[in-house]
Number of protein chains: 2
Amino acid sequence: MTADVSLAPRDPGSDAEGTRWLDAEEQQAWRAWLYSAQLLLDRLDRELTHATGISHAYYEILVALSETEGRMMRMSELADRCLSSRSRLSHAVSRLEERGWVRRQVCPDDGRGQLAVLTDDGFAALEAAAPVHVESVRTHLFDQLSPEQVAAMRDLGETLLRHLGPR
Amino acid sequence: MTADVSLAPRDPGSDAEGTRWLDAEEQQAWRAWLYSAQLLLDRLDRELTHATGISHAYYEILVALSETEGRMMRMSELADRCLSSRSRLSHAVSRLEERGWVRRQVCPDDGRGQLAVLTDDGFAALEAAAPVHVESVRTHLFDQLSPEQVAAMRDLGETLLRHLGPR
DNA sequence: GCGGAATAGATGAGCCTTCAACTAGAGTTC
DNA sequence: GAACTCTAGTTGAAGGCTCATCTATTCCGC
């Protein structure tokens, strides 16, 4: 309805600075995307956190580790995989270490490097959380969409990824 | 490529708990959406913050206020409009007050209520930030998409909104 | 193999968000 | 109109994220 850039059309058409304001159609599309993205991310994170005590950010770290050979990964690679800054990941791994779910290990190949290693407890926590999370994603996303919409979602996501990432 | 729920298919098809795991197609769609949403939100917030000193969260508060008659709104209504908790909004408005962009005022109709009022300085800050933000949204979103994709984005967003919100 | 630049990661301060109280005014019932 | 309950909003503590800074190691050129 109202859009977060609707300040714009007070000087419609051409603007002193030539700003390419959004028209009404674009604003509706933008708002719909923004609101739905914020609500969905928030909902999924909340349900996961409340049901399992694992935030979505932590969950992604555990998943990334669980998928590798030996359940371990270099800190930087893990950060990239989780769309996280190095600092953020470093803090997060410290907290996961306190829970006993991850452990740090010096990287044999590179004395500067550290390997984050998923512990058995960490793996067990992930196994317990995964069904909850999948069900959440189904309920709030896939169950709401037709197959065509799922295909459109994928196409949209991949198009944007080509521009924004993969880093 | 790898999905954050790919723990799933280790016991494909039927599962002890009957979890409806995602298949490969669904995982790719989900990952594409998740990554692109995170990257886009992050990018927009960063560009706005670095260029103007206003985070996207603050920006939305200022916009919501700027769109009302008298540039003022009840705290609760403002929180709903910004998809924010009351607590979060209360803290945020306090910080905006320190910047002199918003001011609080007791609500005449309801002694419990507060009105958040956008100041002239606040409006000026918003006017300065808006072109930057719109350009950012154009560059990273609309410029990347065909008209069909924009339509699909809107359809997707609205479909999800019917399920998730508007409250 | 020495000196400088680049890379990997950690750390701490400051801000933001969440959650669980808590205050205060409105509405409701008898 | 007193007592209960409900709603509006604030507050403070605790944890999370960002940014700037710092240390340790490797890489590169000579």
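All of these numbers come straight from a predicted model, not from anything done at the bench. Every chain is numbered from 1 and lettered A, B, ... according to where its sequence line falls, protein lines coming before strand lines.
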Cationic N near anionic O, under 4.0 Å, [X] to [Y]:
X: Asp121(B); Y: Arg99(B); result: no
X: Arg154(B); Y: Glu148(B); result: no
X: Arg162(B); Y: Glu158(B); result: no

With respect to the side chain of [X], which nucleotide from [options] is positioned closest?
X: Ser90(B); options: dT17(C), dT10(D), dT26(D); answer: dT10(D)
X: His91(A); options: dT7(D), dT10(D), dT18(D); answer: dT18(D)
X: Arg46(B); options: dC19(D), dT18(C), dA8(C); answer: dC19(D)
X: Gln114(A); options: dT25(D), dC19(C), dA10(C); answer: dA10(C)
X: Tyr58(A); options: dT10(D), dC16(C), dG16(D); answer: dG16(D)
X: Met75(A); options: dA8(C), dA10(C), dT18(D); answer: dA10(C)

On DNA chain C, nearest-nucleotide positions of Arg104(A) versus Thr49(A): which is more 5'?
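That would be Arg104(A).
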Given DNA chain C, 5'-ward residue of the pair Ala92(B) and Leu89(A), judged by closest heavy atom
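Per heavy-atom nearest nucleotide, the more 5' residue is Leu89(A).
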In terms of the nearest nucleotide of DNA chain D, which residue is placed more toward the 5' end: Ser87(B) or His50(B)?
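By nearest-heavy-atom nucleotide position, the 5'-most residue is Ser87(B).
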Mapping Arg112(A) and Ser84(A) onto DNA chain D by nearest heavy atom, which one lands closer to the 5' end?
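Looking at the nearest nucleotide for each, Ser84(A) comes out on the 5' side.
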Figure out the [atom1]/[atom2] separation between [X] and [N], and round it to whole Å.
X: Leu96(A); N: dG15(D); atom1: CG; atom2: P; value: 14 Å
X: Asp110(B); N: dT7(D); atom1: CG; atom2: C1'; value: 8 Å
X: Leu41(B); N: dC16(C); atom1: CG; atom2: P; value: 18 Å
X: Asp45(B); N: dC17(D); atom1: CG; atom2: P; value: 14 Å
X: Asp109(A); N: dC27(D); atom1: CG; atom2: C1'; value: 15 Å
X: Arg99(A); N: dG16(D); atom1: CZ; atom2: C1'; value: 12 Å
X: Arg86(B); N: dT17(C); atom1: CZ; atom2: P; value: 17 Å
X: Met73(A); N: dA8(C); atom1: CE; atom2: P; value: 15 Å

Side chains of [X] and [Y] only: does a donor on one sit below 3.5 Å from an acceptor on the other?
X: His140(A); Y: Glu47(A); result: yes
X: Thr159(A); Y: Gln149(B); result: yes
X: Ser94(B); Y: Arg104(B); result: yes

Using a 4.0 Å heavy-atom cut-off across all strands, classify Arg74(B) as base, sugar-phosphate, or nothing.
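It contacts sugar-phosphate atoms only.
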Categorize Ser94(B) for me: base, sugar-phosphate, or nothing, with a 4.0 angstrom heavy-atom threshold over every strand shown.
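It contacts nothing in the nucleic acid.
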Under 3.5 Å donor-acceptor pair, Arg88(B) side-chain atoms to dT17(C) base atoms:
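No.
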